[in-house]
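Reminder, nothing fancy here: chain letters follow the sequence lines and each chain counts from 1.
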Amino acid sequence: MELSRRRVLWGLGATGVAAGAGLLLTRDEPPTPSRAGGEWTSFGTVALLDWSRRSLAASHDHAAGGHVHGGAATVLVPSAVHGAWTDAVSVHLQVHNGTHEPVELSPGQFRVRVAGGDVTVSLYGADRAAGPIAAGSTATFRIDYLVPPAGGLSLEFADAISMRTHQLGRLGEGSTT
Amino acid sequence: MNAPTRREVLAATGGVTAIAAAGVLVTEASASPQAAVTPTPGVLDLYVNEGLVRMVDDSLVYMRGFGSAPTDIGSPRPSLRISPQVFLADGRLVGSRSYPIGAALPTEGRPDPLAAHPTLPGQYLIRRRYWASFFPPRTIVAEVGSTVRLRVHNRLKRAHQLRIDGIADTGPIAPGGTATLAFTAPAPGTYIYHDPGGTSVERILGLHGVLVVVDPAQRWELAAGRAEFERQWVWLCQDVDPVWGARARAGEVIDPVATPPVPRYFMLNDRSGFRSLGVSDDALDSRTALEESLPSGSTRDFDVRAFNLGQAASTVGTGQLIRLVNVGAVVHQMHFHGNHVWTLRRNGADFPRLAGHVDVEGHAVLQQWEDVVELDQMDRKEIMLPIRRPPEVPERTWAARDEDWEYPMHCHAEPSQTAAGGLYPGGLVAHWTLAAPGPRVAHVHDTFPSQAAFASNQPHEGSPETLFPETPTKSFLRKFFNRRLVFPDGAEHEIWSFEDEASGRRFPAPLIRVTEGDMVHVRLEPSKRVHTIHHHGMEPDPRNDGVGHTSFEVTGSYTYQWRPDLGVPADPNNGASGLYFYHCHVNTVLHVQMGMFGPLIVDPIVHPAFPLAPGARRSFIDGPLYDIATETLLVPYALDPRWHTFEHAAGLSGEDVGLNRFDPKFFYVVGGLLNGPKGTADVSAPKQLRANLPGTGHPTLFRMLNANYFPSRARFTDTAGKPVEMAELIAHDGRAFRDTSRPGQPSKPVRDVGHPLRTDAIAFGAAERYDVLVHPPYRGTFLLHVDFTHWVTGRVLATRTIPVVAS
């Protein structure tokens, strides 16, 4: 199937952000997604608004009844006895869908990267389930991660449309609240 | 938009003809790929779609699938699988999650019994031909006599195809094209429909599903005259490689040989980990998992010699049928806790009950008990889960049972227990439930917001009490240790394992040897962190099964209690003698690889009709005598040195440490003589084996356990490499191979009725065990070669050869 001129133009408009934005190349849509603050993606922007880090060590583990609330998306119940990490990071994110179609977004697309290696970390919890972000709308997420007690951290976003990974910023080193 | 100009070609009217006709099926491109076609009564429309699928860690992975409606890749809800559909013999096509249509639906998937068993306390009479079964998405049920009519719409940019091997095939369907396929439902059984493009590529990317064919006159039987069941299940094993997904998305043509898949997610019926176990916060999804993936039922009397014997009016003594289907990339090893399962057939061929054989791959072809069922890529195996009293539960514990008992099922090719490189147990897992006696009790599970929350917070206790303690007749202590050990090749590796009071810190962990009927206590002292002991193949109550998420992990100490089942001569339903092993079940993928396992042997009781002889023993109650002095343990064990740098809880917090990637660099066969003097080496590994010649004494018994995560194959040859059929398989997973062909009649060992399982090769996947009698044909030296193969490619990674001296 040949691409129409309009589709090609649209593709060129988007590929400045994401060369591999296959979805957008096939759509008859306005050429440029709108954006909010933050990192450009294939569908708009994502931004790290805020983060906090805390030690859960004092609360020990599930058997001791230690839970952590406050600024977190979920009740964090790591098991120190089990050997799980007992520091946590909570991130506050903004996602803007600048296209004219809903975009599927899952909090699992965000991962924490541990500095000094190849290790990234899956989420512990989020205040939103996976689902579509409506066209032209902006949504916020809070996502929690267990993290190692020391070392630098950063946050990244895997754009499932462009298949690019975006660096969203450092989460500081060793600071706790 | 142009109007559609489809030309649909009816492929064929029956099975084989469909294949012959496949070459003419390619149709012109549809000019309306976005729109769903107008449904035609009796025809099932399948759309080859693509989309992003949420994995258990909430990441999105590109996949393809046969969906029920046209969707594009940007769809928030891509249609990549159909809801279950039923082709009835009367010509109707019915969308239904359950079958038989109109049969009673079991609440939460669990059939209720008809009544309490009149003579067996705590057991029940099972309703016969009463309950419907729920099926997972991707299932097509077809009654014998129906015509399966499919219309496949390819909405992608390359040709795709739908094939049921040996039955029907659309041939390549051009982009935008449609092909119609019609074939008469084949013989009752389980079939895979898939896109054979790229050999395995399109199937692994998601273009697969299951066809279940049922005889409408025998809707609760595998086939007419075959095994009857209470209800049935389809378990689809799937493996997902996001890198393949990304490459396919980018338009690459993937060569599965040049770049084999490296699965990062492992699913059963499209779920993994905590979602598969029905403990996610998503109540609807958890309930659906219960209905379509998690067997459950009341305890019943069970005899493997006949699954269709009525016990009383409207009742039958049988279990639940599971259709195991592997559409994934790796060899899976389905391990059941709590009950052994009975394997009935493979790939449409019924296993015999008497005249079995060992196939060219080295698998025993005979109906048999197994606690680990090997499932090769594209394999279909039907097994029966008995749902009977777990045989190693002491009497007082059984009598006090007042809650559901849950037992895990998981793949023992342990990297499949991970997700995103860690998150154990986040992969291909399930469980089955033995219902509490009495009225149904609502069982409330803890639920979890994520796999990381589940993996990082397994239940644990300090030094829990052993309930209903009995006076032990055999007691053992197992303490954790870690140490760098020197292996026979001079390499040093960090090993975690168990020691007892006298063993020293060696590998493998010391033998636990007991006799049927013993009251066994095994005291665990983890010393560091949390550990458990799972006595693999022993089937006690969940509290003594040593699995964290169904009981607890131990920080202080715990004494496991179990009593091996007593054997009865010629009885295939009882007896626990044989080879097992024990291992830690905490972060199992890592801890077993680190060395936390040891052999476990259950000797039979001595029956007057089968006495012992000096220097000889039997491996089961009416089994052959073997020579004690040359009894040998052989354990293939491959080691990935990268893993031996990890911490105790690696991966459990959600970090990707690559536990899905097992890349062994060292290959060993550990073990040795079981009854000889104990060596002083760090690692016991035989350099030479002994085998008695016929006529010089009782034969030698090799006890073979695969502690490797990938399949192994043992081959016997002469020194020139010529195969020698000198191995006789007498038992597997702790159960003797018996003649079970005559209901109600004695089931002698197959060797005693003229059908010994002689072979020169033995295939045994992860955690499988064989008891092997060795019959050298002449005095001299033979060779035992152990091939370590790859779980995806089947390539031989290494071979270790040990001389076998026959004298």
Closest non-hydrogen atom pair between Y124(A) and S456(B), with its separation: CE1-OG, 3.6 Å
Given a strict heavy-atom distance threshold of 4.5 Å, which part of A158(A) is in contact with chain B: side chain, backbone, both, or neither? neither
Is the backbone of I161(A) close enough, under 3.5 Å, to the side chain of R249(B) for a donor and an acceptor to pair up by distance? yes
Counting heavy-atom pairs under 4.5 Å with chain A, which one of V657(B), V61(B), V586(B), V530(B) comes out on top? V530(B)
Taking atom CD1 of I143(A) and atom OG of S450(B), what is their separation to the nearest 0.5 Å? 11.5 Å
Heavy-atom contacts under 4.5 Å, residues 645-652 of chain B to chain A: H648(B), A649(B), L652(B)
Measure distances from A455(B) to the heavy atoms of chain A and classify the residue's part below 4.5 Å as side chain, backbone, both or neither. backbone
If you apply the rule side chain to side chain contact (heavy atoms under 4.5 Å, CB included), what do you find for W85(A) with E655(B), and how did you get there? CA-CA 10 Å; W85(A) 291 333; E655(B) 73 273 34; 3.4 Å; yes
For F157(A), give me all partners under ring-ring contact (aromatic ring centres under 6.0 Å, His included), at least two apart in sequence or on another chain. F110(A)
Sorted by chain and number, sequence neighbours left out, salt bridge (Lys or Arg N to Asp or Glu O under 4.0 Å) with R113(A) holds for E156(A)
Any heavy-atom pair between the side chains of I73(B) and E104(A) that's under 4.5 Å? no
R54(B) and A130(A) have their tightest heavy-atom pair at CD-CB, 3.4 Å
For Q417(B), side chain to side chain donor-acceptor pair (under 3.5 Å) partners two or more places apart: none
For V119(A) and D656(B) the tightest heavy-atom approach is CG2-O, 3.9 Å
Return the minimal non-hydrogen interatomic distance between A420(B) and R111(A), and the atom names on each side. CB-NH1, 4.2 Å
